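Working notes for the structure below.
First the proteins, then the strands, lettered A, B, ... as listed; each starts at 1. Being a predicted model, the structure only gives us computed values, none of them experimental. Just so it is clear, the values below take in all heavy atoms, side chains as well, and ignore hydrogens, waters and symmetry mates.
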Protein chains: 2
Amino acid sequence: MPTGAEPPVIVPPVIVLVRPQLGQNIGKAARAMLNFGLTEMRLVSPRDGWPNPSAGPAAAGADIVLERAVAFETLAEAVADCAHVYATTVRKRGVSKPVFTPEEAAQAIHAAGATRSAIVFGPERSGLETDDVALARAIITVPVNPEFASLNLAQAVVLCAYEWSKGAALGVVEQPTVEEILPPAPQAELDGLIGHFEALLEPFEYFDPPARAASTRRTLRNMLTKPGWNHLEVRTMRGMLSALERRPRKE
Amino acid sequence: MPTGAEPPVIVPPVIVLVRPQLGQNIGKAARAMLNFGLTEMRLVSPRDGWPNPSAGPAAAGADIVLERAVAFETLAEAVADCAHVYATTVRKRGVSKPVFTPEEAAQAIHAAGATRSAIVFGPERSGLETDDVALARAIITVPVNPEFASLNLAQAVVLCAYEWSKGAALGVVEQPTVEEILPPAPQAELDGLIGHFEALLEPFEYFDPPARAASTRRTLRNMLTKPGWNHLEVRTMRGMLSALERRPRKE
């Protein structure tokens, strides 16, 4: 960590749109991002493919964001290099993850310094699925009028981008105080751990009966996402799982 | 709010759109307003008259705002009953008025209590004229990316409405309920989990050689302490460990 006059490294968050329906909304989100200095957009299975000719006009000049936007098949791939994943939801889904306002999330993203964060937005109508939310370490809920809570996609994006930008402008950047605190492992490493756990448990019929398997897997993912284990910790846990796969040599 | 005290009278600001061009944008502004609990819209010389049939669909259900919206010929008439008038402009016009961020303006509006305030927005392309700005006591400038400063009308409205709502203790702000985030399990339960892990790993020679056992056990404890798992999560993890103790029935 720089102790002198070095400016702190600020890594702006990645904006991830999951299964967006209208190209127009992708364009509007791009405009909202660039209005507040964000340029990295990722798309997960956009309904009409990518690139989408109707995104450009709606971006009103934010072409650089659209040109750099990358499409992925799954959310897991889209956030594989992100250590902090925030899922935006209007209502809490009964998952035990911390709930942040956009302002609190912006502070946390700034505090993460050079560690990459992602803010994930769901499709226009339905919002994120439970399985998408399970990938996130925390939830962002915009404190919206409970009697009229349907927030437009680009509006949700602009509020998060605006809060991030406010924190950046104010120099609110807080560096972690203890250098030894490593950031959470990237999502891809976490996915590796979760996959390892599942593969280990499968032969023990842990995921039976099949009707409950999806929910059991989600519980497992949520539990293993919660710690925010760094890459050393993930490696240690995988070492344990590997040990359990061996044949016991002692009685 | 202090118990026993009368709740303070909060008068939400009036949103004034000056010479808006597209009915669609009026509808979107209405939606953004209602998202954050604002219902009073005034229009000054809307280009296509008022009411405008293309406003409704864009309002996405915020009909109450459109139904109550009143059109005026001049800005002076529209804000005649308002003691505090804020003009939103992207760039300062060289006028000697105080310049507020949306957040500072929201604070000032709350501080004004029962005194009515208005936030005034200009036409989509051109923004407010100097004569419009002259009517205002203060200016609101959204701290936008100077290299990409053209903020969509509804986006400007949503940011101001959001900041006002943040400051309002209206119960619009939904706090996460305590029940949804359970506290970490008591230490005894955590110790039970750690002991279970150790007992499971021991026959697999995970703690060999003995010289390293203490440090390996400490790493394990640190890792399992970090998540702050609640008692349901601890129970789930113990269920997994118990499954692994059984004999695999599948190949």
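Rounded to the nearest 0.5 angstrom, B:Arg31 CZ and A:Phe148 CZ are separated by 6.0 Å. Distance check, rounded to the nearest 0.5 Å: CE of A:Met237 to CG of B:Leu224 gives 5.0 Å. Residue A:Leu241 holds its CG atom at 9.0 Å from OH of B:Tyr206, rounded to the nearest 0.5 Å. The line from CE of A:Met223 to CH2 of B:Trp229 is 4.5 Å long, rounded to the nearest 0.5 Å.
Only the side chain of A:Tyr162 comes within contact range of chain B, with at least one heavy atom under 4.5 Å from a heavy atom of that chain. Contact of A:Thr219 with chain B is made through the side chain alone, with heavy-atom distances under 4.5 Å. Heavy atoms of B:Glu163 lying under 4.5 Å from chain A belong exclusively to its side chain. A:Ala62 touches chain B through backbone and side chain together, each having a heavy atom under 4.5 Å away. Proximity to chain B (any heavy atom under 4.5 Å) is shown, for A:Leu200, by both the backbone and the side chain.
Between A:Leu151 and B:Asn35, the closest heavy-atom pair is CD1-OD1, 3.2 Å. Scanning all heavy atoms of the two residues, the minimum distance from A:Pro143 to B:Ser165 falls at O-OG, 3.9 Å. The heavy-atom pair separating A:Phe36 from B:Leu159 by the smallest distance is CZ-CD1, 3.6 Å. Residues A:Gln155 and B:Ala32 approach most closely at NE2-CB, 3.5 Å, considering heavy atoms. B:Ala243 and A:Phe204 get closest at one heavy-atom pair: O-CD2, 3.0 Å.
The number of heavy atoms from other shown groups lying within 6.0 Å of CZ (A:Arg235) does not exceed 12.
By number of non-hydrogen pairs under 4.5 angstrom with chain B, the leading residue of A:Gly239, A:Ser242, A:Ser150 is A:Ser150. Chain B forms the most heavy-atom pairs under 4.5 Å with one residue out of A:Leu244, A:Val158, A:Leu201, and that residue is A:Leu244. Put simply, of A:Thr225, A:Asn152, A:Thr216, the one with the most heavy-atom pairs under 4.5 Å next to chain B is A:Asn152.
Checked for salt-bridge contact, A:Lys166 and B:Glu103 meet the test: a charged N lies under 4.0 Å from a carboxylate O.
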